[in-house]
Amino acid sequence: MAEQGHYPEYWEADVVLRDGGTGHLRPVTPDDAQALQEFHMKQSQSSIYLRFFTYKAKLSNKELARFTNVDYRDRVAFVITIGSEIIGIGRYDRLDDPTEAEVAFNIADGHQGRGLGSILLEHLAAAARENGIRRFSAEVLPENRKMIGVFADAGYEVRRHFDDGVIALDFNIDPTEKSRAVMEAREHRAEARSVADLLSPSSVAVIGASREWGAVGYQLLEHIIEGGFTGSVYAVNPEAFELAGMVCHARIGDVPEPVQLAIIAVPYDQVLTVAEECARAGVKELLVATAGFANDGERGLARQRRLVRHARANGMRVVGPASLGLINTRPDVSLNASMAPSMPLRGGLGLFSQSAGIGVLLYAAAQRRSLGLSSTISAGNRADVSGNDAMQYWEDDTDTRVVGMYLESVGNPRKFSRIARRLATSKPVIVAKSDVTGLKLPPGHAVRTTQAPAGALDAMLRQSGVIRVNTNEQLMDVAQIAVSQPLPAGRSLAVFSNNNALGRVIADAALSLDLELGSLQTDLVLDTGMSVALPLLRAAVTKTLADDAIHAAVVTLLPSPGLTMEKIGQCLQECAVETGKPVVAAFTGIMDPGAHV
């Protein structure tokens, strides 16, 4: 509980708005008087009338003092700001009944429809419950439909009655199943939208673009252009006049149109200054490729926090620092804002990684397997945009059929579990989790440390419904199957082989993974030539899979004269299509696609 008159700093929060933008929510202070007056004077006559039931061009000094001097217990007010500007304010005042308080809001005309009222209500309710208040009441004019909607849509059981031209509302603010669902839905929409904007920007500027071959800025600019990005691209470097065949601008503020995504690839000690320039220029999102924060100890971590606080307070989200970049293969976007040398194949796999090194491994593995991607996010130090944000986006993204994540840390296990459980009901979620927990977090990672042992995290992942793997190669193995095959309807597996020992190894492995062995055939004879062996193989697999009690098949083979992996693969693919069940091939021996197997 907040002490009487003591500023509760822990109530402060960066918030993601309905349209994906950000703001900073905090308790009001007496220093806000002038900003509150400016906020009021910018409001329309209609908005002022709806809030105060009368029109007043300015707030009196007495009113300003009352609105900004609160005790944080009986009287609480929150403001949401972007930069130094107040864009919304909400307050409660305790009534004679100490368990009830009157609540009121005022949202800037230019920011209505961004979900500020709902956010303020959530935080006011949390503060009120902390201070022993259990009910909110409000008086609203009938024509103030937007504010009535905020209360009606909040998920609380709202009672209302009309008296003397005013609608009186009151409701219990204890969380209900419906109110929690409403808050989670609002959070989901906002965070998904913010990631969607990152992956589908209308314009991109590379700050620190360079003509030096091999430099990060050089490669990022080159990859964006060569990847065929459909939006506007700008190069920013005060020491260059022309880069990549385009005019180079000295500063982000010199770019002739608003920039949605700014990619920062400047030296470490210049990042904060550049981020401030981006805020002044109205940039919406930042991708920080610059590393070095992790190598600067506590000072680097403090600078990283300042970067995120400044960005989110000015409406921007941040990917990074030390990010490998973003990729979106959708043709109407075609964004390769990453260190990947070429645009990957288009497909249904969404990939998330933290460190750049792991991101490179995952990208290379996808290329080797000709595995198509929908989008990739390299979070780097994960100072802001996280795996939770990525999952919120991929849940709604129709281009993404499977989600693959390599995690080195889980900053908010409870939220991760909640989102992953919901996502896993509609799409396979494959998670590789390194054995780094608690105080052994990778340097520079901006996560809350957790003392949970590895076993607890493993249990959390299992309960979330995700597919847990141990390595990046296993992640890509499972992803390749999940993207290309129908999902099995159950646990029963058929194993086929032309070698008894090999078939037994696969069967034992399946049983150890809690699968059921529905059929084991290790007597396949495939050394009879292609024209005889392939029809036999196809007949054996399709006949077994025709049984409703069998849900999938693994075909594991030793080399056979006259057969190639390509021909066997084509045969098994036809089996999968015909039966509508997944068929996995596991070859051993010579692995060249054209070799005899």
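Bear in mind the structure is a predicted one, so any value in this text is a computation, not a measurement. In what follows, every heavy atom counts, from backbone to side chain, and hydrogens, waters and symmetry copies are set aside. In this chain, residues are counted from 1 in sequence order.
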Trainee: Nearest 0.5 Å, please: how far is OG1 in T68 from CG in L36?
Mentor: 7.0 Å
Trainee: Name all residues meeting the salt bridge (Lys or Arg N to Asp or Glu O under 4.0 Å) criterion together with R306; count only those two or more places apart in sequence or in a different chain, and write none if there are none.
Mentor: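 With sequence neighbours excluded, R306 shows a salt bridge (Lys or Arg N to Asp or Glu O under 4.0 Å) to no residue whatsoever.
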Trainee: Please check if the number of heavy atoms outside R422 that lie under 6.0 Å from its CZ is greater than 12.
Mentor: yes
Trainee: What salt bridge (Lys or Arg N to Asp or Glu O under 4.0 Å) pairs are there with at least one residue in residues 113-126, not counting sequence neighbours?
Mentor: D19-R114, E122-R186
Trainee: My understanding is that only residues two or more places apart in sequence, or in another chain, count here; which of them pass ring-ring contact (aromatic ring centres under 6.0 Å, His included) with Y49?
Mentor: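 ring-ring contact (aromatic ring centres under 6.0 Å, His included) list for Y49, sorted by chain: empty.
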Trainee: Contact between V28 and F67 at the side-chain level, heavy atoms closer than 4.5 Å - yes or no?
Mentor: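 The answer is no; the side chains never approach within 4.5 Å.
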Trainee: Quick one: pull up CE in M405 and CD1 in I358 and give me the separation to the nearest 0.5 Å.
Mentor: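 Answer for the CE-CD1 pair, M405 versus I358, is 14.0 Å.
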Trainee: Nearest 0.5 Å please: distance from the CD1 atom of I148 over to the CZ atom of R145.
Mentor: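 The distance works out to 8.5 Å.
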Trainee: So V333 and L199, side chain to side chain contact (heavy atoms under 4.5 Å, CB included) or not? Walk me through it.
Mentor: CA-CA 8 Å; V333 179; L199 288 168; over 6 Å; no
Trainee: Could I get the full list of side-chain contact (heavy atoms from CB on, under 4.5 Å) partners for E187, not counting sequence neighbours?
Mentor: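 Partners of E187 by the side-chain contact (heavy atoms from CB on, under 4.5 Å) criterion, ordered by chain and then number, come out as E191, Q392, K415, R418.
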Trainee: Checking the side chain of N69 only, and the main-chain atoms of R66 only, is there a donor and an acceptor separated by less than 3.5 Å?
Mentor: no
Trainee: With a 3.5 Å cut-off and no angle check, do the side chains of S355 and E408 form a donor-acceptor pair?
Mentor: yes
Trainee: Taking side chain as C-beta onward, heavy atoms only, is L371 less than 4.5 Å from M476?
Mentor: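 The answer is yes, as the side chains (C-beta and beyond) meet within the 4.5 Å cut-off.
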Trainee: Using distance only, find each side-chain donor-acceptor pair of residues 233-248 under 3.5 Å and give its atom names and separation, not counting sequence neighbours.
Mentor:
unit_1 : atom_1 : unit_2 : atom_2 : d
Y234   : OH     : E257   : OE2    : 2.5
N237   : OD1    : E239   : N      : 2.9
N237   : ND2    : A209   : O      : 2.6
E242   : OE2    : G245   : N      : 2.6

Trainee: To the nearest 0.5 Å, what is the distance between CG (L50) and CG (N106)?
Mentor: 9.5 Å
Trainee: When you measure from the side chain of S378 to the backbone of S323, do you find a donor-acceptor pair of N or O atoms at a distance under 3.5 Å?
Mentor: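 Pair absent, no side-chain N/O of S378 close to backbone of S323.
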Trainee: Got more than 12 heavy atoms from elsewhere within 6.0 Å of CG, N61?
Mentor: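 No, because the 6.0 Å sphere around CG of N61 holds 12 heavy atoms or fewer from other groups.
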Trainee: Give the minimum heavy-atom separation between V360 and L324, together with the two atoms involved.
Mentor: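 Smallest interatomic distance, heavy atoms only, reads N-CD2, 3.8 Å.
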Trainee: Looking only at heavy atoms, what is the nearest atom pair of I419 and M391, with distance?
Mentor: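 Taking every non-hydrogen atom into account, CG2-CB, 3.7 Å.
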Trainee: I need the full list of salt bridge (Lys or Arg N to Asp or Glu O under 4.0 Å) pairs touching residues 312-325, with sequence neighbours left out, sorted by first then second residue.
Mentor: R312-D384, R317-D384, R317-D389
Trainee: For a 4.5 angstrom cut-off between non-hydrogen side-chain atoms, does S47 reach D109?
Mentor: yes
Trainee: Residues in side-chain contact (heavy atoms from CB on, under 4.5 Å) with L198, at least two apart?
Mentor: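 Applying side-chain contact (heavy atoms from CB on, under 4.5 Å) to L198 gives L261, E285, V319, L326, V385.
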Trainee: Taking the six-membered ring for Trp, is the centroid-to-centroid distance between H188 and Y393 below 6.0 Å?
Mentor: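 No, the ring of H188 stays outside the 6.0 Å limit from the ring of Y393, centre to centre.
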Trainee: Looking only at non-hydrogen atoms, find the nearest pair between T471 and Y406 and report the distance.
Mentor: C-CE1, 4.4 Å
Trainee: What residue among L120, L25, T22 forms side-chain contact (heavy atoms from CB on, under 4.5 Å) with V15?
Mentor: L25
Trainee: Which pair of non-hydrogen atoms, one from S375 and one from W394, has the smallest distance, and what is that distance?
Mentor: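 Looking at all heavy atoms of both residues, the shortest contact is OG-NE1, 2.8 Å.
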Trainee: Aromatic contact between F78 and W11, with the criterion being ring centroids under 6.0 Å apart: yes or no?
Mentor: yes
Trainee: Heavy atoms, side chains only, cut-off 4.5 Å: are D197 and K284 in contact?
Mentor: no
Trainee: Please identify each residue that fulfils side-chain hydrogen bond (donor to acceptor under 3.5 Å, both in side chains) with S417, with sequence neighbours left out.
Mentor: R421, S464
Trainee: Please assess E12 against Y7 for the test side chain to side chain contact (heavy atoms under 4.5 Å, CB included), listing each intermediate value before the final yes or no.
Mentor: CA-CA 10 Å; E12 292 192 18; Y7 181 81; 2.7 Å; yes
Trainee: Are the side chains of T400 and L349 in touch, meaning some heavy atoms are under 4.5 Å apart?
Mentor: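 No, too far: nothing below the 4.5 Å cut-off.
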Trainee: Supply the atom-to-atom distance L335 CG to N328 CG, rounded to the nearest 0.5 angstrom.
Mentor: 6.5 Å
Trainee: With a 4.5 Å cut-off on side-chain heavy atoms, are I264 and L286 touching?
Mentor: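 With C-beta onward as the side chain, the pair touches.
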Trainee: Using a 3.5 Å distance criterion without hydrogens, assess whether the side chain of H40 forms a donor-acceptor pair with backbone atoms of K56.
Mentor: yes
Trainee: Could you give me the CA-CA distance, side-chain angles and deciding distance for Y218 and H223, then say whether ring-ring contact (aromatic ring centres under 6.0 Å, His included) is met?
Mentor: CA-CA 9 Å; Y218 175 96; H223 297 167; 8.6 Å; no
Trainee: Between R189 and D396, is a side chain to side chain contact (heavy atoms under 4.5 Å, CB included) present by the stated rule, with each step listed?
Mentor: CA-CA 9 Å; R189 289 191 301 269; D396 295 340; 5.9 Å; no
Trainee: Rounded to the nearest 0.5 Å, what separates atom CD1 in I107 from atom CG in L116?
Mentor: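 Those atoms lie 5.0 Å apart.
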Trainee: Which atom names give the shortest non-hydrogen contact between G23 and L17, and what distance separates them?
Mentor: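 What the structure gives for the nearest pair is N-CG, 4.5 Å.
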Trainee: Does the side chain of V274 come within less than 4.5 Å of I252's, by heavy atoms?
Mentor: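 When only atoms from C-beta onward are counted, V274 and I252 do not touch, as no gap falls below 4.5 Å.
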Trainee: Does Q304 form a side chain to side chain contact (heavy atoms under 4.5 Å, CB included) with F293? I'd like the steps, not just the answer.
Mentor: CA-CA 7 Å; Q304 190 167 268; F293 292 85; 3.6 Å; yes
Trainee: Test your reading of the model: is there a side-chain donor-acceptor pair from R18 to the backbone of G113, 3.5 Å cut-off?
Mentor: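 Checked: pair present.
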Trainee: With no hydrogens and no angle check, do the side chains of S203 and Q260 hold a donor and an acceptor under 3.5 Å apart?
Mentor: no
Trainee: Checking A313 now: which residues fulfil side-chain contact (heavy atoms from CB on, under 4.5 Å) with it, not counting sequence neighbours?
Mentor: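 Once residues adjacent in sequence are excluded, the partners of A313 under the side-chain contact (heavy atoms from CB on, under 4.5 Å) criterion are H24.
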Trainee: Of all the heavy-atom pairs spanning C278 and I207, show the shortest one and how long it is.
Mentor: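 Scanning both residues completely, I find the closest heavy atoms to be SG-CD1, 3.6 Å.
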Trainee: Look at R299 together with D296 and state whether they make a salt bridge at an N to O cut-off of under 4.0 Å.
Mentor: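 Salt bridge flag = yes for D296 with R299.
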Trainee: Looking at residues at least two apart in the chain, or sitting in another chain, which of them share a ring-ring contact (aromatic ring centres under 6.0 Å, His included) with F105?
Mentor: F151
Trainee: Enumerate donor-acceptor pairs with a distance under 3.5 Å from any side-chain N or O in residues 336-348 to protein atoms, sequence neighbours excluded.
Mentor:
unit_1 : atom_1 : unit_2 : atom_2 : d
N336   : OD1    : S338   : OG     : 2.6
N336   : ND2    : A340   : O      : 3.1
S338   : OG     : A340   : N      : 3.0
S342   : OG     : Y363   : OH     : 3.4

Trainee: For K58, which residues count as a side-chain contact (heavy atoms from CB on, under 4.5 Å) partner, sequence neighbours excluded?
Mentor: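 side-chain contact (heavy atoms from CB on, under 4.5 Å) check on K58 returns Q37, M41.
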Trainee: On the ring face of F39, is K42 found with NZ or CZ under 6.0 Å from the centre and within 45° of the axis?
Mentor: no
Trainee: Quick one: is the NZ or CZ of R303 closer than 6.0 Å to the six-membered ring centre of Y268, and within 45° of its axis?
Mentor: yes
Trainee: Under 4.5 Å between any side-chain heavy atoms of L272 and H310, yes or no?
Mentor: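 No, their side chains stay 4.5 Å or more apart.
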